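Let me begin by presenting the structure, written as structure tokens, before commenting on it.
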Amino acid sequence: MPENVVPLFKNSPPTGPDAPAGPPLTVVTGTDQPAAVPPLWVRSGRAVRRAVTHERTRSTGRLVVRHGSYVLGGSRIVVRRAWDGRTAARYERMIRAAEAAGNYEVAAEWEERGRAFRAARHARRMDLLTSPEKVVKGAAYGLGGTLAGLLLLGIGLAIATEDASDVVVPLMALVELCRWIVVIVSVVWGPLVAVGPWLALAGVWAVGRHRQAAPAWVLPAQSRSGEGEPITPSIVVKALKDLGISALRKAITEMGDAGASMLGPIKIAGCGVEVDVTLPSGVATNEVQSRRRKLAENLARHEHEVFITIPPAARTVRLWVADSGALDEPIGPSPLTTDDTLTANYAKGKAPWGQDLRGDAAALSLYQRHMLITGLSNQGKTAALRALALWLALDRSVEFRVADLKGAGDWAMFDGLATVLIQGPTDEHVVEATEMVEGGVREMERRLTAPPGTAFPPLIVLVDEAQVAFMCPVKDDDGRPYGGSKATSRYFMAARKIHNQGRAVNVLLWQGTQDPTDQNLPKLVREGAHTRASLALGTESQARMALGDKAVDGGAAPNLLRPGLDKGTVVVASDGIAIPAGQASITVRTHYIDTDQATTVADRAKALRDGVTTLTAADRGEERDPLADVAAVIGDAPRVLTQEVLKRLTALDAKAYGGWSFVDLKRALDGTGAEPHKSDGRMVVSRDRITRALANRPGDGSASASQ
């Protein structure tokens, strides 16, 4: 071989004219390597690995382990039963279980039963001391009586047959019977001794199989699949035992009733069941809450089908487990769409919003409660908020001022129903929405300065997609930003003022927002809402922003709702809805009202009113005509109170009319023939007079409103 040639393999055979004859070796260039046959030990190892990992081998192995475990587990169960029957171990376990559950009366009862068992066992053992003598005497009396009876029977037989040998016939019959018994026993004993252990083995195997005393990974597929199984106490206890909480597992193992004393009654609750679980000492409720997914899977359910809440009782968790697939079925239509005679009452009524998880109707009181509803985009937030507004619109005394900062037409049916309707996502629309909320502040302040006892109709200031307002970068002429969360922010401060004092005079702020964060939903604003609801969210931190720490710590988890699949499902924290005792929130599946149905309901609400002139962003100009504006805000009503006219003018253009008083209104109408006048003792403005004044004035007689 030339010196500059290096063999490809360490053990390559020599080449050249002196090389021994043999099979040719194919050598390739580049990155290819010559094919080499692996050693025998490598091939054997691969064959063994394939044999071990083959599905048939694995199935056989599981079968052997499973049935072997049945025997071992069944033996353990039988031995334990025998031990419990001979000792007071069962009573000791029941006492420990009752003490762990805090039920000391039951513990005392089991202690008394244990004392009675020990006393009876002692009496039986004392009887054993005298039992040999009693057995011997009994046997002697029995044998003597039997022999005497047989002898008398033989005498009677001999007399009857007149044969003296018949006297011993009964005795000989007894001896023959004993001989046959010995023969039968000697014949059966051998097979019985041979078969007996196998019968005992079959017995303990049957016990182990009945109790499924084998690891879960070796159980057959049908035993491991529990999809849709009804929830029973044994299933709940096993699910808790397998949560991975060592203290809980140890306590259940030591309980004489296998953990049954931990459970309250399993009650049907809507489309599922509910059960209270009293945890043993050393196990905290939050340890169970944090393992919701594992608990659900142990119960053969999906995570969204199990809810864990904290009832009033200490060391107790309440489990609500849905029937498999029940939460994916739609609920019925809203009563707003099925009952044309339905009306609303702001002060005493409740809005039919949907159903809770039990399947019961969920109704929400809106009386003097600010509202905040949040959720990810396209989860049904606007529909849920709009359903409440549509119900409240059926109370003719309620006034709405609506700003939809998405502008997709979701609130278009409120045209002719709301006194202000702003629709659009631009900065200009945010400016208009901010001025609308500030107009609500001025109306609130006017009401606060009214004489005591004055009744005020409800005013709902509603802003949908409020995050657009909070994040608006535009500033006014004085350099104040419309958005943001500082004291200089106009929208933020207006919302805060209504939250602080609006409730007392029925001026309420409703807001809907997406993806709550500190930037698009400041802390002070979100905590000012009395009713807080959330659809599906992405993280627990967002859930805390939406509902508050108390609700989330109590089990509320909108972040565990499934985006897209749980549309319209909201978690609500409010005193305006019936929440089970001890819970901080409730989950509601809201009725869906589509746009066409919402328009129909809105038309019914409009029919209940005298006619409302809706002001939009396009109606707001720099130059105002007070007479024309007064005519616009009066609408079709024959006459309107001067206070109401001033309020509507402010909603029309806060800059032009926000500072107007009765004197300003009277000055603007002086000389037109439409001056305010008294009707039933109250100052009003007449529609006919305004219309006549507009028709009779010169074409160039319009004037701008003074600021």
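The structure presented is a predicted model; accordingly, all values stated were derived computationally and were not measured.
Looking only at atom types and distance, the side chain of His677 has a donor-acceptor partner in the side chain of Arg689 under 3.5 Å away. No donor-acceptor contact under 3.5 angstrom links the side chains of Gln355 and Asp360, judged on distance only. Looking only at atom types and distance, the side chain of Gln542 has no donor-acceptor partner in the side chain of Glu540 under 3.5 Å away. Judged purely by distance below 3.5 Å, without hydrogens or angles, the side chains of Thr513 and Gln511 never pair a donor atom with an acceptor atom.
By the 4.5 Å heavy-atom criterion applied to side chains, Arg503 and His530 are counted as neighbours. Inter-residue side-chain proximity for Glu675 and Lys666 is flagged as unmet; no heavy-atom pair is nearer than 4.5 Å. For the pair Tyr491 and Cys472, the minimum side-chain heavy-atom distance is 4.5 Å or more. Put simply, the side chain of Gln379 does not reach to within 4.5 Å of the side chain of Leu561, judged on heavy atoms. Considering only heavy atoms from C-beta on, Val463 comes within 4.5 Å of Met436 through its side chain. Using a 4.5 Å heavy-atom cutoff, the side chains of Lys567 and Leu535 are not in contact. Counting heavy atoms from C-beta on, the side chains of Leu366 and Leu508 never come closer than 4.5 Å. Side chains of Asp515 and Ser377 form no contact here, defined as non-hydrogen atoms less than 4.5 Å apart.
For the atom pair Asn345 CG and Tyr367 OH, the distance stands at 10.5 Å (nearest 0.5 Å). Distance check, rounded to the nearest 0.5 Å: CE of Met493 to CG of Leu524 gives 9.5 Å. Atom CE of Met413 and atom NZ of Lys606 lie 8.5 Å apart (nearest 0.5 Å). Put simply, CG on Leu385 and CG on Asp410 are 10.5 Å apart, with the number rounded to the nearest 0.5 Å. To the nearest 0.5 angstrom, Phe662 atom CZ is 10.0 Å from Gln643 atom CD. In this structure, Asp415 CG and Leu421 CG are separated by 6.0 Å, a value rounded to the nearest 0.5 Å.
Within the 3.5 Å criterion, the main-chain N or O of Asp594 finds a donor-acceptor partner in the side chain of Gln597. In this structure, Glu644 contributes its side chain and Leu641 its backbone to no donor-acceptor pair below 3.5 Å. Side chain of Asn559 to backbone of Ala543: no donor-acceptor contact under 3.5 angstrom is found. Arg496 contributes no side-chain N or O that, together with a main-chain N or O of Gly528, makes up a donor-acceptor pair within less than 3.5 Å. Of the possible donor and acceptor atoms, none in the side chain of Arg639 sits under 3.5 Å from a partner among the backbone N and O of Val684. Within the 3.5 Å criterion, the main-chain N or O of Arg687 finds a donor-acceptor partner in the side chain of Thr691.
The heavy-atom pair separating Leu547 from Ala556 by the smallest distance is CD1-CB, 3.9 Å. Summarising the geometry of His499 relative to Leu509, their closest heavy-atom pair is NE2-CD2, 3.9 Å, with the distance given to 0.1 Å. Across Thr539 and Ser541, no two heavy atoms sit closer than the pair OG1-OG, 3.0 Å. Shortest non-hydrogen contact noted between Thr531 and Ser574 is OG1-OG, 2.8 Å. Contact record, Gly440 with Val461: CA-CG2, 4.4 Å, taken as the closest heavy-atom pair. Scanning all heavy atoms of the two residues, the minimum distance from Ala533 to Trp353 falls at CB-CH2, 4.0 Å.
Across Val402, Leu417, Thr595, a single residue satisfies side chain to side chain contact (heavy atoms under 4.5 Å, CB included) together with Trp411, and that is Val402. A side chain to side chain contact (heavy atoms under 4.5 Å, CB included) with Arg401 holds for exactly one of Thr419, Ile422, Ile460, Leu462; it is Thr419. A side chain to side chain contact (heavy atoms under 4.5 Å, CB included) with His370 holds for exactly one of Ile498, Val507, Val525; it is Ile498.
Residue pairs meeting the side chain to side chain donor-acceptor pair (under 3.5 Å) criterion with at least one member in residues 331-340, sequence neighbours excluded: Asp339-Thr341.
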Candidate pair Val685 and Thr642, rule side chain to side chain contact (heavy atoms under 4.5 Å, CB included), full reasoning: CA-CA 6 Å; Val685 178; Thr642 54; 3.9 Å; yes
Derivation of the side chain to side chain contact (heavy atoms under 4.5 Å, CB included) call for Asp427 and Tyr482: CA-CA 9 Å; Asp427 291 339; Tyr482 285 92; over 6 Å; no
Gln467 vs Gln519, side chain to side chain contact (heavy atoms under 4.5 Å, CB included): CA-CA, chis, key distance, verdict: CA-CA 8 Å; Gln467 77 278 357; Gln519 289 71 38; over 6 Å; no
Verdict with reasoning, Glu465 to Thr382, per side chain to side chain contact (heavy atoms under 4.5 Å, CB included): CA-CA 9 Å; Glu465 306 296 341; Thr382 296; 4.2 Å; yes
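With respect to the salt-bridge test (charged N to carboxylate O, under 4.0 angstrom), the residues Asp688 and Arg692 do not qualify. A salt bridge is defined here as a Lys NZ or Arg NE, NH1 or NH2 lying under 4.0 Å from an Asp or Glu carboxylate O, and Arg667 with Asp664 meets this definition. Electrostatic pairing of Arg648 and Asp629 does not count as a salt bridge here, judged by no charged N lying under 4.0 Å from a carboxylate O. Look at Arg526 and Asp518 and you find a salt bridge, because one of the NZ, NE, NH1 or NH2 atoms lies within 4.0 Å of a carboxylate O, short of that distance. The pair Glu445-Arg442 does not count as a salt bridge, with every side-chain nitrogen at least 4.0 angstrom from each carboxylate oxygen. Ion pairing between Asp575 and Arg369 holds under the 4.0 Å rule for side-chain N and carboxylate O.
Atom CZ of Arg609 has more than 12 heavy atoms from other residues, nucleotides or ligands within 6.0 Å. More than 12 heavy atoms of other residues, nucleotides or ligands shown are found within 6.0 angstrom of CZ on Arg480. Counting non-hydrogen atoms of other residues, nucleotides and ligands closer than 6.0 Å to NZ of Lys647 gives a total above 12.
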